[in-house]
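First up is the structure itself, then whatever we jot down about it.
Letters A, B, ... are given to chains in the order of the sequence lines, protein chains preceding strands, and every chain is numbered from 1. Here the structure is a predicted model, which means the values were calculated and not measured.
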Amino acid sequence: MEEGLISVDKWTTVSQVYFLTHLHSDHTQGLTPKWSKGPLYCSPITARLFPVRFPGFDMLLVRVLEAGKPQTLTLVSRSSHSKVLVEVTAIDARHCPGALMYLFRGQFGSVLYTGDFRWEIGDMKAVEGKNILLNALGDKKLDLLYMDNTYCNPSFSFPPRKVAAQQVVDIMTSHPHHDFVIGVDNLGKEDLLLHISQMLNTKIWVWPERLRVMHLLGFEDAFTTKTCLTRVRAVPRYSLTFETIESLNTVRPTIAILPTGLPWGKKFLDQKSLSYSCVSLCKEGSDIFAETGHSSEIFKSPRKLHQHMFAVSYSEHSCFKEIEEFLKYVNPSRISGIVSSAFCCINPRHYLDHLCKDESDNLCCKDSRGKLGLSVAWKAESVLECDKAFGIDKQINISGLLKGCKLRADSPKVLGVQRSMISKIRRRVRGVKIDHNDNFY
DNA sequence: GCGATCAGAT
DNA sequence: CACATCTGATCGC
């Protein structure tokens with residue numbers, strides 16, 4: 001497809017139409033109340049929440065797309081001035097409220113941009129999404145997949161959100177005299193809070209802005225801004241630190257809960273491996289949770305991060321198995337990760353470079369746009385090497401994942417690259433201007 | 001001084 | 001080693 005027609009979660013470049021997957025801030029960088037570069041497509045829920053995030057935004061620019069209802073857009077080629085027909089189909093991404101994936105089809109072929117997504121195995125809404133996707137594709141293959149690769153590493157395995165939500169409730173019922181604070185973002189994890197509210201038959205405190213969001217989402221009854229009504233409070237995630245929880249405990253016994261797919265607190269990690277020192281911390285907390293009967297694997301159980309703080313693997317991103325399953329379904333010709341982080345596209349040699357320094361330079365180089373990245377597609381051998389590097393004992397066959405696929409590793413990663421450089425690049429790789437001149441390896 | 005962007009933090 | 005977010009510094013007007 002030619003340049004300048006479609007942008008997804010990318011707001012600073014010139015395009016004819018723009019697509020927003022969801023309202024998390026890392027997908028709206030460059031989008032402001034005064035933004036007016038062109039029509040903006042999003043889900044009905046995103047459109048409803050839009051004025052909260054961008055007060056005064058010209059809502060005439062916003063076009064609502066319903067999941068599963070394909071729409072044909074007529075764009076104009078900037079070079080030949082001829083019409084370019086693009087069919088777009090939105091699919092529920094099962095991430096936060098209103099999150100969509102977009103499938104684009106046209107003469108250029110078919111391109112799917114997942115945005116952030118969690119397709120749990122057995123989740124009927126995800127099955128529905130798969131059917132929409134496969135129906136739209138017909139007998140054509142998917143040419144290019146831009147995929148949420150946040151947890152695209154076999155190290156990550158977490159339970160369905162329902163199970164994780166129950167783990168949180170279990171922590172609460174086993175501490176009947178404690179207050180609780182749960183770290184959440186401006187959007188997302190509502191189902192967790194609703195589950196807690198129902199199981200404990202209590203309202204949940206949220207901050208005023210968040211209450212507005214809850215009301216716009218249709219959750220009228222479960223939330224309150226009156227502290228006296230409840231011992232369960234949802235607080236901004238960034239506000240939860242060891243310091244704040246310790247300080248809360250000088251007033252009354254309080255337990256903090258971090259719902260996250262991520263492994264940390266960073267101070268608990270063994271620097272050299274993802275098979276962490278966290279194991280020992282789990283043991284400390286595991287007695288309490290033995291009765292949950294869930295897997296003892298690290299990510300499947302609550303982890304005690306601190307005397308008064310637990311992390312529970314409630315994730316709005318797909319874990320590795322789910323990504324694997326997803327890839328089997330869509331069977332793309334090419335893949336490009338949309339998240340650059342050490343866990344997903346990590347250079348398999350990150351933890352092995354002391355063993356192969358002489359070769360390491362070959363693996364990290366600039367691509368044609370000057371971005372740092374791996375210029376070689378992962379081969380099955382290097383994936384297996386990655387397993388070893390991560391200390392994974394089980395033979396997980398992920399080489400099949402890459403069969404027929406070339407994975408472009410956007411990851412800047414390691415091997416002497418400065419951290420500041422990594423964060424710069426991470427910011428840059430979010431969002432995409434759909435463009436066939438993009439280079440894939 | 002203001003908004004936009006960036007760096008650095010949790 | 002940072003899910004998404006905030007704060008504070010800096011830049012351009």
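Under the salt bridge (Lys or Arg N to Asp or Glu O under 4.0 Å) criterion, the residue pairs touching residues 226-242 of chain A are A/Asp179-A/Arg233, A/Asp185-A/Arg237, with sequence neighbours excluded.
Atom CZ of A/Arg237 is separated from atom C1' of C/dT7 by 15 Å (rounded to the nearest Å). At whole-Å resolution of the value, CG in A/Leu31 and C1' in B/dA4 are 13 Å apart. Per the geometry, CG belonging to A/Asp185 stands 5 Å off C1' belonging to C/dA4, to the nearest Å. In this structure, CG of A/Asp26 is placed 16 Å from C1' of B/dC6, rounded to the nearest angstrom. Distance CD (A/Glu243) to P (B/dT10): 11 Å, rounded to an integer number of Å. Rounded to a whole Å, the CD1 atom of A/Ile338 is 9 Å from the P atom of C/dA4. The CG atom of A/Leu187 sits 12 Å away from the P atom of C/dC6 (whole-angstrom rounding). If you measure from atom CD of A/Glu190 to atom P of C/dA4, you get 13 Å, rounded to the nearest angstrom.
Judged by closest nucleotide on DNA chain C, A/Lys189 is the one of A/Pro236 and A/Lys189 placed further toward the 5' end.
OP1 and OP2 of C/dA2 both lie 4.0 Å or more from every side-chain N or O belonging to A/His317. A sub-4.0 Å separation between OP1 or OP2 of C/dA4 and a side-chain N or O of A/Ser25 is absent.
In this structure the side chain of A/Phe19 never reaches within 4.5 angstrom of the side chain of A/Thr21, judged on heavy atoms.
Evaluation of the ring-ring contact (aromatic ring centres under 6.0 Å, His included) rule for A/Phe50 yields A/Phe54, A/Phe57 as partners, not counting sequence neighbours.
Side-chain proximity of A/Asn186 to C/dC6, B/dT10, B/dA4: nearest is C/dC6.
Within a 6.0 Å sphere centred on CD of A/Glu243, heavy atoms belonging to other residues, nucleotides or ligands number 12 at most.
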